[in-house]
Amino acid sequence: MSIANTIQKNVIVALSVLHNQLFTEKNFQINQTKPEFEGDYTIVLFSLVKSLKQSPDAIGNQLGQYLLNTSPELFVGFNIIKGFLNLSISNAFWTTLLQKNYSNIHFGKKENYGKKVMVEYSSPNTNKPLHLGHLRNNFLGWSIAEIYKASGYEVIKSCIVNDRGIHICKSMIAWQKYADGATPQSTGIKGDHLVGDYYVRFENDLKAESQILINKIKLADLSDFNGVVLEKLDKLLITLTKLDEIKDEEKITKLHNEIKEIARNSTQVIAEAKQMLLDWEEDKPEVIELWKKMNGWVYEGFDATYKLIGSDFDKIYYESKTYLLGKYIVQQGLDKSVFFKKEDGSIWIDLTADGLDEKLVQRKDGTSVYITQDIGLALQKYEEYKIDNSIYVIGNEQNYHMKVLQLICKKLDMPNADNIFHLSYGMVELTTGKMKSREGTVVDADDLVDEMIATSQKHTEELGKVKNFTAEELKDLYNTIGLGAMKFYLLRVDPKKTMVFNPEESIDFHGFTGPFVQYTHARIKSILRKESLADYQQPLASSDLLKMEKEVIVMLEQYPDAIKQATIEYNPSVIAMYVFNLAKTFNSFYAEHSIANAETTDKKQLRLQLATMTANILKSGMELLGIRVPERM
RNA sequence: GACUUGGUAGCUCAGCUGGAUAGAGCAUCAGCCUUCUAAGCUGAGGGUCAUUGGUUCGAAUCCAAUCCAGGUCACCA
């Protein structure tokens, strides 16, 4: 139990005894004492004034005295300033804590207690390479998995590969048309990038063809259209003329977008893609073969990237395999009247009673949509692993989709539908604005990682501290630092929030960064290498503590709480901030006091233990972020 | 338009289950390497916590309204 909790319990008992009534942790607040006052922890007394009808000073004096009398081993003094009761904790408590835990590399982590959680993350599309946003996703997913493990969960890391759907057909069609048999081997281009190039090629064709249609529509030439679409266009054009007269810009833009959408959907290339999707779902051999070939290239590319960034999965699901289960469940749901069929054959769910809309779950041509396979997968996960909780690491642009999915799972009476949690993270923007693939402002994951590693190499060489490293050790070090900087940079902010990626800031190795923490660790290790173990394994003779020594131990004590908070909030940034603050506190201590040349042997021993435990926790905490710490740098 | 998330120092972010004089990092300026790794340490300047009103002994934090920005509302995924 943390010291803050211990104090809380003591205060509850004390108040209950002193005032002969029941108190809970909600009746008062406990904080760390601000540095400008004497004491370690502070009880805010104002909230007690009303119910006890006594002055803050009187309540505080009574409480402080009682705590001192009943737990003299823990409390050694108190003072009251303006309604705040500041309690001083005994040095013996801190030194005992240190002595007991300094060599425990599992400090702060809990034993497995039998709960299973699945963390789904990464979930790439197999039509383009990974970019900066995927990196945030991957790092978050990995870190959440590690944090849950540390909290005693059994964790299964999973990934759903979106290897099916009309977007996949797009790159296949462009490849058929333009590639002339080009492969990653023949071109020397990484597989995922090669396929991505053809996806872009398709999008360009689509844009060009739909532009021709739009131009014709603007001239009121509707000869390319017929049926329902023609009727709709007719109506749109009439409304547009009216709007032009009253100059309602907003609505005009909206209508233009609708026309654009119709034009895109009426193009020859889209028709080809749609046909290919149908052929695909009907298992036409030539489509399946092409799909397998191109998917294979993408996986090779992804594998290389995953290996580079240190991401992996215990279970990989493929949409191409789960969509059938999804369709099956949709059929079952139809029989149970959870879903309903419209005249044209499309299948829907009515969520208007829940404040949402009607949602399509299967197209009129019988092919499945995005959510169809998600329904299948949700069930499959539970049946395969009997998991207690399911965490989805998915961008906040899909909040609505996930809300719908959860609702559908509930309506289908799926087990544990309530234990689905969408870890919704914000987009990564650039200093110049949003990333847009169409404008070529997307930051490619492979490029970025390479650049970070190159920067760490340049920086390390300039500092010239690594003369006796082997070539292999150097390579490993550059990787550790470069990736450490990048992961820390992406994980140090609250996942929920949209964040700005500043290239210059991201390669900064000073201050609130991964390399700062790594450096602190390496520096401690350097000292410990020079000291013999025997020097710091004796019991401490004295519990004298300097201010800065105590500050470090107080930080160390809070590690378990940081893990707990990160778990509850699904928030790795809690760990990043904690680890940074610990390193900072230690560095201040380090600059003021010598470890190797401490004043007495007892002091030296205390400081060696302090340094050891700090290094252990820095390593452990960074591991929760998926970041390695070097022994030397 | 509806729903939703956010607005804190020049920049990037903490703090938000109400508590003492609102904190970091970067950037700027001034110091610290004949002693354990200076990727470090110390100090200075920098704030109408979007605005207005409310609740409270006490509001960056809770409530309401307004303004601004992002996201979603597809037979795309």
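These values consider heavy atoms only, across backbone and side chains, with no hydrogens, waters or symmetry-generated copies.
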Write out all pairs satisfying side chain to side chain donor-acceptor pair (under 3.5 Å) with one or both partners inside residues 46-57 of chain A, taking only residues at least two apart or from two chains.
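Passing the test, one end in residues 46-57 of chain A: no pairs.
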Can you tell me which residue pairs pass the side chain to side chain donor-acceptor pair (under 3.5 Å) test with a partner in residues 507-517 of chain A, sequence neighbours excluded?
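Qualifying pairs: none.
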With sequence neighbours excluded, tell me which residues meet salt bridge (charged side-chain N to carboxylate O under 4.0 Å, His left out) with Glu429(A).
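If we apply the salt bridge (charged side-chain N to carboxylate O under 4.0 Å, His left out) test to Glu429(A), skipping adjacent residues, there are no hits.
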For RNA chain B, list all stems, counting runs of three or more consecutive pairs where every pair is Watson-Crick or G-U wobble with both distances under 3.5 Å.
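Looking at RNA chain B, the stems formed by three or more consecutive pairs are B:1-7 with B:67-73, B:10-13 with B:23-26, B:28-32 with B:40-44, B:50-54 with B:62-66.
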Using the test side-chain hydrogen bond (donor to acceptor under 3.5 Å, both in side chains), find all partners of [X] that sit at least two apart in sequence or belong to another chain.
| X | value |
| --- | --- |
| Asn5(A) | Ser2(A) |
| Arg492(A) | Glu505(A) |
| Asp205(A) | Tyr178(A) |
| Ser506(A) | none |

Among residues two or more places apart or on two chains, list those pairs meeting salt bridge (Lys or Arg N to Asp or Glu O under 4.0 Å) that have a residue in residues 40-49 of chain A.
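Only Asp40(A)-Lys550(A) qualify under salt bridge (Lys or Arg N to Asp or Glu O under 4.0 Å).
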Pairs under 3.5 Å (N/O, protein and nucleotides 34-36 of chain B):
{"residue": "rC36(B)", "atom": "O3'", "partner": "Lys530(A)", "partner atom": "NZ", "Å": "3.1"}
{"residue": "rC36(B)", "atom": "O2", "partner": "Ile595(A)", "partner atom": "N", "Å": "3.2"}
{"residue": "rC36(B)", "atom": "O2", "partner": "Ala596(A)", "partner atom": "N", "Å": "2.9"}
{"residue": "rC36(B)", "atom": "N3", "partner": "Ile595(A)", "partner atom": "N", "Å": "3.0"}
{"residue": "rC36(B)", "atom": "N4", "partner": "Tyr590(A)", "partner atom": "O", "Å": "2.6"}
{"residue": "rC36(B)", "atom": "N4", "partner": "His593(A)", "partner atom": "O", "Å": "2.7"}

Which letters describe nucleotides 22-31 of chain B, given B = protein heavy atom under 4.0 Å from base, S = only from sugar-phosphate, - = neither?
--SSS-----
Polar atoms only, N or O, under 3.5 Å: list the protein pairs with nucleotides 67-72 of chain B and their distances.
{"residue": "rG70(B)", "atom": "O3'", "partner": "Lys434(A)", "partner atom": "NZ", "Å": "3.2"}
{"residue": "rG71(B)", "atom": "OP1", "partner": "Lys434(A)", "partner atom": "NZ", "Å": "2.0"}
{"residue": "rG71(B)", "atom": "OP2", "partner": "Lys434(A)", "partner atom": "NZ", "Å": "3.3"}

